[in-house]
**Q** 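I have a structure here, written as structure tokens, and I will follow up with some questions on it.
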Amino acid sequence: MKKHHILTIIVAVLAVTTVLTACLGDDEPYSAGFEFSKPQQVRSYVYANTVRDTVVVYCKGPWQITSDTPEAQWCTIERTKGGGSTIFSINVLFDQNTTGQARVAQYTITDTDHPDKGYATWQYLQHATRGDGSMGSAALVKSITSSDDWTVTVSYDAKCRPTEINVKSPAGANDKYSMNYNEVSGIMTVTNGSSVLTGTMDNGYQTAQLVGISDTIGYTPQYYPNGVEVSANYAFNYLASRVTRTQAYAYRLGGKSLAPDSLHTADSLTYYCRWKTGTHAVTTERFRLEYSQMDNRCQTVDVNQLLLGMADCEPLQLLAMFRYTRSTSIVTKATSNKGTILVTTELNADRSVRRMVVKDSRQGTEVTYDFAY
């Protein structure tokens, strides 16, 4: 009488472990297949300036990894073979994406003893845009100077992440922020004077909220009158609550996609400012926004944040450290019940902004901003 042995196979589904059984002949029983802890989905999404990831997999038998997209040389798997009955942690390295297009790399891991019984396939899709929403080839803005005597200087690391911004007022006061990205712990730290804020960051080096002892900066939801939360692709808030003042920016998008490479613009912006010290009046103003065909993703900073002037510009928004607040086109006109703001923009050959002029009928001012790279 034939003996029946049980074969266990982990099939190419990463989000859910699938186990199959089959009957064999008199040969020795064996196990083949893979159990993934990371990635947990068949397709992983990374940004244009994401440079590494990790595969964590338990291999039942000897294995090898092969590329199904050999042309995707921008992605490197550091280890491609090994033994069985072991958990492996394998580094994955990405070149920064400066092509202007999203791209895909696909890999298959195979049990080399039983290639038809144990295998799994997964992909990496690298976005055309960085975590801040700028294109992977976008120029790094090093400084902004204005005709009303404000100066902004910005420093970056090799991954095009801002490491410092210093905003200097006409009176000579400096508002400096320093950023640290701990990729082991996944924690971002922003230091502004005595204020230290932290947040959990994604693989685009961004966070939903930075929190300190007295300061909070980040996204907050909007709600319908019945208390139900509004989907962010329809409307959301950006809140910067500090010791000295609270600034809130309410964006209304009307259902546009907020996917990393999508094109989206806010239909309207409501700005609120309340100083916690002194005798400043509370400011609340709603603007209807119109846009040009110029792409706001061709430089690292979000130039639309200069619409209300440097005094009301929130530095972390200017750096697009909260990417959803960046409309992908440049504003040409903002209208409120107090007047109109008109914006004209001059570009460099690479489509980055060289000069922006903001003419504000509400204030009777015209300010020119010059950008250096």
Side-chain angles (χ1 to χ4, degrees), residues 132-134 140-155 162 164-179 190 192-193 195 197 210 215-219 237-251 266 268-276 280 282-287 289 296 299-327 330-334 336 338 341-345 352-353 355-360 362-363 365-372:
D132 66 4
S134 65
L140 307 182
V141 175
K142 302 294 181 60
S143 68
I144 307 170
T145 54
S146 72
S147 58
D148 58 351
D149 296 325
W150 288 81
T151 302
V152 178
T153 56
V154 187
S155 300
E164 184 177 280
I165 182 171
N166 186 24
V167 181
K168 187 175 181 180
S169 74
N174 291 294
D175 190 16
K176 183 183 292 186
Y177 295 77
S178 299
M179 300 81 179
V190 176
N192 175 224
S195 174
L197 303 101
L210 290 164
D215 297 350
T216 300
I217 301 173
Y219 304 116
N237 300 327
Y238 174 83
L239 176 70
S241 177
R242 297 185 175 86
V243 172
T244 54
R245 67 171 170 171
T246 294
Q247 292 172 282
Y249 304 76
Y251 292 88
S268 67
L269 167 69
T270 301
Y271 175 61
Y272 169 87
C273 179
R274 178 176 65 85
W275 290 86
K276 299 177 182 178
H280 301 276
V282 174
T283 299
T284 303
E285 193 168 0
R286 184 178 184 274
F287 298 90
L289 303 175
N296 190 28
Q299 68 287 315
T300 45
V301 301
D302 176 5
V303 299
N304 290 334
Q305 300 302 328
L306 298 171
L307 185 68
L308 303 181
M310 279 304 310
D312 287 308
C313 177
E314 208 289 299
L316 301 189
Q317 275 201 109
L318 181 62
L319 292 177
M321 291 185 66
F322 294 83
R323 61 177 167 263
Y324 298 143
T325 66
R326 183 201 290 258
S327 288
I330 297 175
V331 170
T332 57
K333 185 177 181 180
S336 76
K338 298 180 181 179
I341 303 172
L342 297 176
V343 180
T344 57
T345 309
S352 61
V353 174
R355 173 171 287 178
M356 172 179 281
V357 179
V358 180
K359 187 174 183 179
D360 190 342
R362 308 168 313 138
Q363 308 289 340
T365 59
E366 181 173 313
V367 180
T368 300
Y369 298 94
D370 289 301
F371 299 78

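Hydrogens, waters and symmetry mates play no part in the numbers below; they use all other heavy atoms, side chains included. We number each residue from 1, following the sequence as shown.
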**Q** Looking at CG of Leu319 and OG of Ser134, how far apart are the two atoms once the value is rounded to the nearest 0.5 Å?
**A** 11.0 Å
**Q** For Ser195, give me all partners under side chain to side chain donor-acceptor pair (under 3.5 Å), at least two apart in sequence or on another chain.
**A**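 Testing Ser195 for side chain to side chain donor-acceptor pair (under 3.5 Å), a comparison that skips the adjacent residues, returns Asp215.
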**Q** Can you tell me if Lys276 has over 12 outside heavy atoms packed within less than 6.0 Å of its NZ?
**A** yes
**Q** Could you measure the distance from the CZ atom of Arg245 to the CG atom of Asp312? Nearest 0.5 Å is fine.
**A** 5.5 Å
**Q** Might you point out which heavy atoms bring Phe322 and Gly218 nearest each other, and give the distance in Å?
**A**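 Taking Phe322 first and Gly218 second, the nearest heavy atoms are CE2-CA, 3.6 Å.
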**Q** When rounded to the nearest 0.5 angstrom, what distance separates CZ in Arg355 from CZ in Phe371?
**A** 10.5 Å
**Q** When you look at Ile144 and Leu318, which way does the side-chain contact (heavy atoms from CB on, under 4.5 Å) test go after all the steps?
**A** CA-CA 11 Å; Ile144 307 170; Leu318 181 62; 4.2 Å; yes
**Q** Only counting residues at least two apart or in another chain, list the ones meeting ring-ring contact (aromatic ring centres under 6.0 Å, His included) with Tyr324.
**A**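 Applying ring-ring contact (aromatic ring centres under 6.0 Å, His included) to Tyr324 gives Tyr219.
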**Q** Closest heavy-atom contact between Ala266 and Ser327?
**A** N-OG, 3.1 Å
**Q** Is there a side-chain contact (heavy atoms from CB on, under 4.5 Å) between Ile330 and Met356 once you walk through the steps?
**A** CA-CA 10 Å; Ile330 297 175; Met356 172 179 281; 4.0 Å; yes
**Q** Once side chain to side chain donor-acceptor pair (under 3.5 Å) is applied, do any residues pair with Asp149, and if so which ones, sequence neighbours excluded?
**A** none
**Q** If you compare all heavy atoms of Thr284 against all heavy atoms of Lys338, which two are closest, and at what distance to 0.1 Å?
**A** O-NZ, 4.2 Å
**Q** Carefully, step by step, assess Met179 and Leu316 under the rule side-chain contact (heavy atoms from CB on, under 4.5 Å).
**A** CA-CA 10 Å; Met179 300 81 179; Leu316 301 189; 3.7 Å; yes
**Q** Out of Leu307, Asn304, Thr332, Ile341, which residue meets the side-chain contact (heavy atoms from CB on, under 4.5 Å) rule with Leu289?
**A**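 Result for side-chain contact (heavy atoms from CB on, under 4.5 Å) with Leu289: Leu307.
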**Q** Minimum heavy-atom separation for Gly133 to Arg326, with atom names?
**A** C-NE, 3.9 Å
**Q** For Ser336, check side chain to side chain donor-acceptor pair (under 3.5 Å) against everything at least two apart and list the hits.
**A**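 Once residues adjacent in sequence are excluded, the partners of Ser336 under the side chain to side chain donor-acceptor pair (under 3.5 Å) criterion are Glu285.
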**Q** Which residues pass the ring-ring contact (aromatic ring centres under 6.0 Å, His included) test with Tyr271, not counting sequence neighbours?
**A** Tyr249
**Q** If I compare all heavy atoms of Trp275 with all of His280, which pair ends up nearest, and what's the gap?
**A**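 So the two residues come closest at CD1-CB, 3.2 Å.
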**Q** When you look at Leu308 and Arg362, which way does the side-chain contact (heavy atoms from CB on, under 4.5 Å) test go after all the steps?
**A** CA-CA 10 Å; Leu308 303 181; Arg362 308 168 313 138; 4.2 Å; yes
**Q** Under the 3.5 angstrom rule, does the side chain of Thr246 hit a backbone N or O of Arg274 as a donor-acceptor pair?
**A**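 Looks like no, no N/O pair under 3.5 Å.
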**Q** First locate atom CD of Gln317, then atom CD of Gln305, and finally report the distance between them rounded to the nearest 0.5 Å.
**A** 4.0 Å
**Q** Hey, are the side chains of Arg242 and Ile217 touching, using non-hydrogen atoms and a 4.5 Å cut-off?
**A**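 Counting from C-beta outward, Arg242 and Ile217 do come under 4.5 Å.
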**Q** Sequence neighbours left out, what passes side chain to side chain donor-acceptor pair (under 3.5 Å) with Asn296? Give chain and number order.
**A**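 Asn296 satisfies side chain to side chain donor-acceptor pair (under 3.5 Å) with Gln299, Asp302 only.
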**Q** Spell out, as yes or no, whether a donor-acceptor pair under 3.5 Å connects the side chain of Asn166 to the backbone of Val154.
**A** no
**Q** To the nearest 0.5 angstrom, please state how far the CG atom of Leu269 sits from the CZ atom of Phe287.
**A**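 The CZ atom of Phe287 is 7.0 Å from CG of Leu269, to the nearest 0.5 Å.
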**Q** What distance separates Asp132 CG from Met321 CE, expressed to the nearest 0.5 Å?
**A** 9.5 Å
